[in-house]
Protein chains: 2
Amino acid sequence: MDTRLLRYFAAVAAEGNLTRAAERLYVSQPALTKQVKQLERELGVELFARSKSGMALTGPGRVLADRVPGLLEGWDLTQRAVKAEAARQAKVLRIGFLASAANEATPKIIAGFAKLRPQWRVEMRQSSWSDPTAGLAGGEVDAALVRLPFAGQEHWNLEELLTEPRCVAMEAAHPLAERPVLDFLDLLDEPFVAAPAETGEWRDYWLAVSQRGGHPARIGAVTEHPDDWLSAIANGYGIALAPESASRFYARPGIVYRPVNGIPPTKVALAWPDDPGPVLRDFIETCRAAAR
Amino acid sequence: MDTRLLRYFAAVAAEGNLTRAAERLYVSQPALTKQVKQLERELGVELFARSKSGMALTGPGRVLADRVPGLLEGWDLTQRAVKAEAARQAKVLRIGFLASAANEATPKIIAGFAKLRPQWRVEMRQSSWSDPTAGLAGGEVDAALVRLPFAGQEHWNLEELLTEPRCVAMEAAHPLAERPVLDFLDLLDEPFVAAPAETGEWRDYWLAVSQRGGHPARIGAVTEHPDDWLSAIANGYGIALAPESASRFYARPGIVYRPVNGIPPTKVALAWPDDPGPVLRDFIETCRAAAR
DNA sequence: CTGTATCTATAACGTGAGGTTATGGATGTG
DNA sequence: CACATCCATAACCTCACGTTATAGATACAG
């Protein structure tokens with residue numbers, strides 16, 4: 001049996017409709033029909049009841065639907081364990097990060113670690129903003145440079161490395177761009193470029209929901225990567241709160257950064273799981289030293 | 001990822017050699033070479049160190065080798081759960097059995113159950129002797145008609161249904177065939193047709209190891225199915241202990257059955273897992289009634 | 001040192017799987 | 001009755017997965 005077949009099955013089960021599931025999976029509807037029928041042949045069981053209104057799970061189909069997530073997770077965990085061991089044997093420390101990581105401290109950290117562990121190499125792995133843990137939650141990295149606060153942060157060990165004020169990024173032609181300093185109240189009605197909704201608390205923080213006094217945020221665009229984020233801002237889809245360092249790391253023609261009063265700063269932290277090995281502990285120490 | 005790839009990987013890991021693993025899997029050696037390389041590409045990791053003496057697992061390969069049995073078992077359990085639900089919904093009770101099942105009591109049991117649960121159907125599933133639990137251990141059946149004793153029987157609920165003496169089956173031309181009754185001591189030096197070695201205690205019982213006073217059994221052939229067993233006996237590869245009923249259920253030209261003194265009888269039992277549902281409980285009651 | 005055995009890897013080939021587009025069949029709705 | 005929507009099949013193309021043949025590397029025995 002193939003994980004691809006199981007993912008196809010799961011999509012059909014979730015959508016209740018072959019046509020929509022095919023769209024979600026980026027395959028044609030006849031391809032999906034064939035694959036589902038093949039899975040049913042392999043098991044010798046009907047998993048769906050077909051009707052004009054779509055595909056309803058049968059009893060056995062429901063049993064399979066309940067177990068498939070566990071199976072797929074088993075696969076994922078296995079791949080991660082294998083890759084983690086491969087990295088360990090190759091003396092590679094995999095560090096996830098978002099956007100500008102730890103700003104100027106990042107090269108200091110990497111250089112410091114290289115001195116401490118010359119046989120080892122740090123591999124920086126950029127994540128999208130759909131995952132505020134920067135790959136840590138999925139086990140794709142050994143530790144991560146993250147931005148606080150984010151949902152679930154209490155599950156990780158955290159070492160705050162630096163704090164910086166936040167500013168606002170906007171297109172150069174924006175009327176408010178003329179003011180050298182802004183107050184957050186000035187921005188309440190502006191459309192914002194936001195992170196994906198599923199990041200929950202993390203997105204709320206970057207929309208300064210707590211400082212809005214009940215004013216709902218207007219969402220002009222949703223982006224997951226710095227490049228998309230910058231494009232959306234430059235194209236006037238909205239403005240965005242940003243770390244002050246963004247003016248250095250993400251300087252772009254057509255985008256200006258202005259200080260903002262009335263919102264709390266942003267903190268960069270190193271996050272890691274329980275029971276770090278000696279190599280990761282050295283990395284943690286290196287981060288602490290670089291943050292002083 | 002495909003279970004077929006994982007099974008190929010597991011075989012190579014176990015054999016330490018592509019050529020032998022290919023033989024075990026009934027594919028050609030180049031096919032296996034290609035599949036293993038594809039798995040390594042998919043994972044982006046080297047799983048084996050190649051050398052003239054064969055394929056040795058790397059560190060990541062070992063991590064995968066440790067996890068593959070669990071993954072494959074997850075697949076197997078899922079298939080079984082789906083099929084069990086399909087059988088339940090179709091009102092089919094799956095009963096495993098070996099050889100002649102419960103002899104003449106078998107049709108009585110099936111008829112009795114049909115009366116008790118007319119909406120349900122019993123599906124008799126024959127197993128080979130490589131599995132003394134007749135499919136129960138693998139979850140392929142809901143209950144099974146088994147022959148005691150067998151290793152692991154304490155893990156199941158058991159209801160003894162009948163006991164019968166054992167006799168010896170031999171080719172008609174065998175010199176001992178002239179005697180109407182034999183003593184087991186007469187058979188100590190005869191080659192035997194045996195069950196597979198991995199059945200352990202079960203095979204020992206049918207070789208009457210406990211009655212040999214230290215004499216090792218001579219093995220003339222190993223078989224897993226009644227037909228093979230009968231052929232091996234008829235062809236003179238050896239003799240075999242058999243239930244007395246075998247003379248009725250497995251009467252064949254060229255084979256004779258003779259009573260044997262000095263060995264314990266054989267018992268047929270119904271075996272089932274913990275927590276049987278109401279339908280299975282009815283079946284158990286039907287078996288008890290048929291055994292009185 | 002050479003020939004042989006043994007092991008893995010590649011080449012070339014054939015069949016079938018997995019995708020596509022086009023279209024058919026069934027059913028529900030306006 | 002026409003149209004929309006859903007699943008299923010037909011026909012086609014590309015590539016994966018198997019095969020046999022053979023190459024390359026290495027260890028060993030004579």
Side-chain angles (χ1 to χ4, degrees), chain A residues 1-62 64-65 68 71-72 75 79 86, chain B residues 1-62 64-65 68 71-72 75 79 86:
Chain A
M1 199 163 288
D2 201 307
T3 48
R4 184 178 45 76
L5 276 177
L6 291 190
R7 290 186 212 278
Y8 284 7
F9 165 80
V12 177
E15 293 284 349
N17 176 306
L18 278 167
T19 309
R20 284 202 307 271
E23 283 163 15
R24 178 200 271 202
L25 295 163
Y26 303 101
V27 296
S28 63
Q29 173 264 315
L32 197 49
T33 295
K34 283 207 234 177
Q35 291 297 325
V36 167
K37 274 179 165 282
Q38 180 183 312
L39 181 57
E40 286 178 320
R41 272 197 306 280
E42 277 187 30
L43 288 169
V45 163
E46 277 206 5
L47 302 168
F48 294 100
R50 274 91 164 157
S51 77
K52 183 59 175 66
S53 51
M55 307 277 278
L57 283 168
T58 59
R62 225 169 284 126
L64 182 60
V68 153
L71 290 178
L72 294 177
W75 288 117
Q79 290 201 53
Chain B
M1 200 163 288
D2 200 307
T3 48
R4 185 177 46 77
L5 276 177
L6 290 191
R7 289 187 211 279
Y8 284 6
F9 165 80
V12 177
E15 293 285 349
N17 176 305
L18 279 165
T19 309
R20 283 202 308 270
E23 283 164 15
R24 178 199 271 200
L25 295 164
Y26 302 101
V27 297
S28 63
Q29 173 264 316
L32 199 49
T33 295
K34 283 206 234 178
Q35 291 297 324
V36 167
K37 275 180 165 280
Q38 180 183 310
L39 182 57
E40 286 179 318
R41 273 196 305 280
E42 277 187 31
L43 288 169
V45 163
E46 278 208 3
L47 302 168
F48 294 100
R50 275 95 164 149
S51 77
K52 182 58 174 69
S53 50
M55 309 277 278
L57 284 168
T58 59
R62 226 168 284 125
L64 183 59
V68 152
L71 290 178
L72 294 176
W75 289 118
Q79 290 201 53

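Below, chains carry the letters A, B, ... as their sequence lines are ordered, and counting in each starts from 1.
- Here the closest non-hydrogen pair linking B:Leu32 and B:Ala22 is CD2-N, 3.3 Å.
- With salt bridges taken as basic N to acidic carboxylate O contacts below 4.0 Å, one links A:Arg50 and A:Glu40.
- Atom CG of A:Leu25 and atom P of C:dG18 are 15 Å apart (whole Å).
- For C:dT8, the OP1/OP2 oxygens have a side-chain nitrogen or oxygen of B:Thr19 closer than 4.0 Å.
- The base of C:dA9 is paired with the side chain of B:Gln29 by a donor and an acceptor separated by under 3.5 Å.
- With no hydrogens or angles considered, a side-chain donor-acceptor pair links B:Gln29 and B:Thr33 at under 3.5 Å.
- In this structure, B:Gln35 places its CD atom 15 Å from C1' of C:dT10, rounding to the nearest Å.
- When the C1' atom of D:dA16 is taken as reference, atom CG of B:Leu5 falls 11 Å away, rounded to whole Å.
- Backbone-only contact: B:Tyr8 has heavy atoms under 4.0 Å from sugar-phosphate atoms and none from a base.
- At least one side-chain nitrogen or oxygen of A:Arg50 sits closer than 4.0 Å to the OP1 or OP2 atom of D:dA8.
- One atom, CG of A:Leu32, and another, C1' of C:dT20, lie 14 Å apart when rounded to the nearest Å.
- Taking every side-chain heavy atom of A:Leu18 into account, D:dA8 is the closest of C:dA9, C:dG19, D:dA8.
- Between B:Phe48 and B:Thr58, the closest heavy-atom pair is C-CG2, 3.7 Å.
- Residue A:Glu42 contributes atom CD, which lies 11 Å from atom P of C:dA17 at whole-angstrom precision.
- The side chain of B:Arg41 places no N or O atom within less than 4.0 Å of a non-bridging phosphate oxygen (OP1 or OP2) of D:dA16.
- For B:Tyr26 and D:dT19, the shortest distance from a side-chain N or O to OP1 or OP2 is not below 4.0 Å.
- If you find the closest nucleotide of DNA chain C to B:Asn17 and to B:Pro30, the one lying nearer the 5' end belongs to B:Asn17.
- Counting heavy-atom neighbours within 6.0 Å of B:Glu46 CD, excluding the residue itself, gives a total of 12 or less.
- Nearer the 5' end of DNA chain C, as judged by each residue's closest nucleotide, is the contact made by B:Arg20, out of B:Lys34 and B:Arg20.
- Here A:Gln38 does not reach the OP1 or OP2 of C:dA17: none of its side-chain N or O atoms lies under 4.0 Å away.
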